Amino acid sequence: MTFRATILTLYPEMFPGHLAVSLAGKALERGQWSLDTVQIRDFAQDRHRTVDDTPAGGGAGMVLKPDILAKAIDKVSEGDNRPRLLMSPRGKPLTQEKVRELAAGDGVVIVCGRFEGVDQRVIDARNLEEVSIGDYVLSGGEPAALTLLDAVVRILPGVMGNALSGTHESFENGLLEHPQYTRPQVFEGLEIPAVLTSGNHAAIEKWRLEEARKLTAERRPDLLPNKAK
Ligand code: SAM
């Protein structure tokens, strides 16, 4: 079944963005996944096509109105039970595990926030799962949605073919990936580690695992099991 992504946004022109090129773009052309955008503003009811209003309780910025967004969500969710995500810095951090879970499903509906965010009532009433791509604040959910889709699409069956070796990739086994090297044998006086050109596959595996563990302990000790906190 084709993985279907539907994006609710005020800036549909930001899609497919970088997903139109390279392997994701070819897969999109081949119909291995599909992408639809929905302009939230099309669901506005006044002649100014208003989608936002001032925050209740005061404060800076504007908030996306719940009634408009609910209509847009209902329209795209008719007869479908794809997960509904809201890109949000308050969400659960996106992980490779979550990416795998999404890639195994039929697709996803993604709401892209703007301004100060989205009225809480539509998040609750439409069961939106908030997902963050990191501890920083973007100006809108679109780059976050593109990032999430990039990670999902590359692991869809047949998208990367042999290019996806998978097994050693960062996060696949709870470790960051070991360092990689390629020709030339000597670069600015620096040699490829001898073990990698030894032809001894067991030794290469052992070296890669040790390097992956070292790197993970150094940079991301939080990923290691039995982490001392
Ligand atoms: N006032 C919000 C807060 O402090 O949590 C930030 C709103 S941000 C300026 C506008 C929109 O960008 C958000 O509604 C969300 O859709 C998106 N966004 C910003 N940072 C994000 C992140 N780290 N991950 C996912 N989406 C993000």
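Bear in mind that the values here come from a model prediction, so they are computed numbers and not experimental data. First listed ligand is number 1; within each ligand, the first listed atom is number 1.
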Show the protein residues that qualify under the rule heavy atom under 4.0 Å from an atom of ligand 1, listing them in chain and number order. Met87, Ser88, Pro89, Arg90, Gly113, Arg114, Phe115, Glu116, Gly117, Val131, Ser132, Ile133, Gly134, Tyr136, Val137, Leu138, Ser139, Gly140, Gly141, Ala144
Could you check Ile73, Leu69, Val38 and say which one makes a side chain to side chain contact (heavy atoms under 4.5 Å, CB included) with Phe43? Val38
Would you be so kind as to tabulate the donor-acceptor pairs closer than 3.5 Å made by side chains of residues 98-114, with sequence neighbours excluded?
unit_1	atom_1	unit_2	atom_2	d
Lys98	NZ	Glu101	OE2	3.1
Lys98	NZ	Glu129	OE1	3.4
Lys98	NZ	Glu129	OE2	2.8
Arg100	NH1	Glu172	OE1	2.6
Arg114	NE	Glu142	OE1	3.1
Arg114	NH2	Glu142	OE1	2.9

Other ILVMFWY residues reachable from Trp207 by side-chain steps of under 4.5 Å: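 Same cluster as Trp207: Tyr181, Ile192, Val195, Leu196, Ile204.
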Lys214/Glu211 salt bridge by N-O under 4.0 Å criterion: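 Yes.
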Taking salt bridge (Lys or Arg N to Asp or Glu O under 4.0 Å) as the test, write out the residues that go with Asp42, two or more places apart. Arg49
Distance only, no hydrogens: is a donor on one side chain within 3.5 Å (strictly under) of an acceptor on the other, for Arg126 and Ser77?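 Side chains of Arg126 and Ser77: no pair found under 3.5 Å.
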